[in-house]
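To keep things clear, I will list the structure first and then write my remarks on it.
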Amino acid sequence: MNELQKLYPVKEQAKAITHIDSETYEKLYQQSIDQPEQFWAEQAEKFIDWVKPWDEVTSVDYKKAEISWFKGAQLNVSYNCIDRHLATKANETAIIFEGDEPTDDTRISYQELHDNVCRMANLLKDRGVKKGDNVCIYMPMIPEVGYAMLACARIGAVHSVVFGGFSTESIKARVLDADCQVVITADASVRGGRHIPLKANVDAAVADCKDVHTVVMVERTGASVNWNNERDVNYNQVIDTYPAICQPEIMDAEDPLFILYTSGSTGKPKGVLHTCGGYILYAAMTHKYVFDYQEGEVYWCTADAGWITGHSYIFYGPLANGATTLVFEGVPTYPDAGRFWQVCEKHKVNIFYTAPTAIRALMSLGDELVEKYDRSSIRLLGTVGEPINPEAWHWYYEIVGQSRCSVVDTWWQTETGGILITSLPGAVDMKPGAAGKPFFGVKPAILSKEGELLEGKTRGRLVMTGSWPGQMRTVYGDHQRFYDTYFSQYPGNYFTGDGAKRDEDDFYWITGRIDDVLNVSGHRLGTAEIESALVLHPAIAEAAVVGYPHEIKGQGIYCYITLMCSSHESDELIPELQEFVAKELGRFAKPDYIQYAPGLPKTRSGKIMRRILRKIAENELENLGDTSTLADPSVVEHLIENRIIHE
Ligand code: 6R9
């Protein structure tokens with residue numbers, strides 16, 4: 001363990017607020033494992049309002065991939081996120097909207113949220129949407145995306161949010177797979193001053209989707225759009241004609257709430273299906289405990305509604321807890337790279353949750369733009385999406401959080417619905433780069449490749465030996481694929497697809513996707529580990545590592561690095577970096593090739609697309625696959641031109 005990975009004890013200040021100290025965590029965790037039915041029944045009563053209680057807390061059969069929670073119970077998710085707060089919070093802020101331009105912001109009270117959601121629900125009903133119908137949502141990050149999701153939940157329709165940065169082809173594939181008949185969109189979106197014509201994308205996407213009879217369009221930019229009188233509905237023109245009351249549909253706990261498409265290592269994206277009862281309980285409970293949310297606080301998750309993080313931790317979890325949640329339309333670097341901190345100062349944000357990729361990008365631009373703003377309101381910082389390299393962790397903790405805030409790393413997946421492994425603030429010490437310990441009721445285990453259970457300090461494949469309420473229930477329309485992907489490799493376990501190590505203190509460290517694991521001369525190495533090692537070097541802002549076939553070693557290590565400052569490129573730097581990594585991780589981990597990369601190919605959610613980097617490293621340029629979903633496809637050309645050709 002190097003200096004950057006040293007332990008940070010729980011913050012005294014966090015301890016005082018949470019009331020979950022280390023002892024309580026251990027006790028509650030043990031209880032959740034020993035008496036799961038009792039534990040979850042208590043939590044379900046505490047966090048959720050049910051119309052009718054359950055007949056059975058849980059029933060799980062991983063051999064058939066059959067999972068149910070709170071069977072027989074009835075509830076409505078939109079009621080839980082809105083109506084039940086009205087008695088005490090009608091005039092309190094549910095959503096703070098911060099637009100792309102710093103001058104553009106609004107506050108939406110719980111009463112206004114209620115009225116807007118009901119009107120949208122009535123509009124959908126008027127267009128024939130019924131319980132069980134699937135509705136596609138393709139929207140910018142504006143409050144209406146939340147209204148649309150909650151309106152679906154209110155009437156029992158199943159939403160499928162498609163990220164607003166996805167292409168026409170992606171929308172079409174998702175609309176067809178889920179047989180959506182209604183699409184909710186906006187005229188255009190604006191992020192960082194850049195406009196994307198959402199309505200035109202939808203027009204093109206649904207031209208071949210004969211079942212789509214309605215496209216609801218919210219006006220965002222006033223962009224001119226093509227209009228189909230039969231099919232299209234202008235939200236702004238009609239919404240006031242609908243009543244602000246709509247009875248919530250009574251749903252079974254196991255009725256579907258939403259579908260969210262996510263990519264796997266093979267095949268087309270899978271429609272991950274979540275159901276009402278277990279999901280909303282898990283989202284609410286994790287939001288409360290992991291972010292230690294307290295009444296009246298302002299909570300900001302910078303994700304997009306198009307990803308699971310936006311579902312669980314911008315809308316469902318916070319609203320179920322009656323929180324004030326900030327919805328941000330823009331990007332971290334517009335008008336300049338101080339935007340996050342400017343917004344924190346302006347809205348007195350208490351809890352801030354973002355991704356390591358954003359932290360690294362901002363870190364490379366210096367401390368000045370952070371220090372310019374008052375961050376004294378912030379008391380908790382969270383990260384999600386990928387392992388955070390210790391150097392970025394330190395910058396986040398020391399510079400952004402002024403060494404006074406807890407940093408919670410949160411490991412989870414679209415499939416898990418909510419956070420499974422984390423450093424619970426006030427209860428679990430912080431180790432920079434470690435995801436932490438299991439959340440209540442969660443039973444992680446590490447297996448060898450062959451499926452043998454590994455005990456104690458070890459490394460291997462991360463599985464969950466039991467279920468939790470937020471777990472996905474099926475792949476939409478393809479239950480066999482659900483079983484094959486998650487339950488077939490290690491029977492009796494949910495396979496996460498991630499590698500992990502467990503240290504002497506029982507902390508879990510995620511080493512990256514199994515598909516990104518390299519085998520170099522018989523040594524197994526997480527690409528994330530090499531990347532973390534590289535970015536410890538002061539010259540490096542970001543690194544991505546892939547394997548390529550190597551005659552002697554099996555796989556060689558090919559690294560792409562973005563420098564803090566491109567003028568530092570030099571012939572001497574490469575061998576220096578190779579030695580640096582060898583020293584950090586061992587000789588076997590010494591990179592074979594290091595290529596300078598002014599930009600890395602990333603999805604719009606910030607994930608590096610290693611598939612493309614692998615192809616370039618392998619010099620297999622004919623078969624690069626779809627690059628249209630990249631945030632900036634032009635970086636690929638640059639990488640190809642400057643690739644290192646090996647024998
Ligand atoms: C929530 C989300 C899931 C994959 C997951 C893992 C990686 C997410 C992480 C993390 C290390 C963390 N991942 N959080 N790795 N530390 N805190 O990101 O869902 O988009 O489905 O991605 O992301 O590899 O398997 P999703």
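Whatever order the structure lists them in is the order used to number ligands and atoms, beginning at 1.
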Below 30° counts as parallel, above 60° as perpendicular, anything between as tilted: where do the rings of [X] and [Y] land?
X      : Y      : answer
Tyr289 : Phe439 : tilted
Phe352 : Trp300 : perpendicular
Phe291 : His287 : tilted
Phe440 : Tyr25  : tilted

By chain and number, the residues contacting ligand 1 below 4.0 angstrom (heavy atoms only) are Ile308, Thr309, Val384, Gly385, Glu386, Pro387, Asp409, Thr410, Trp411, Trp412, Gln413, Thr414, Asp498, Ile510, Arg513, Lys607
query = Taking the six-membered ring where the residue is Trp, are the ring centres of Tyr397 and His394 under 6.0 Å apart?
reply =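 No.
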is_close_aromatic(His311, His159), centroid dist under 6.0 Å
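Centroid separation for His311 and His159: below 6.0 Å.
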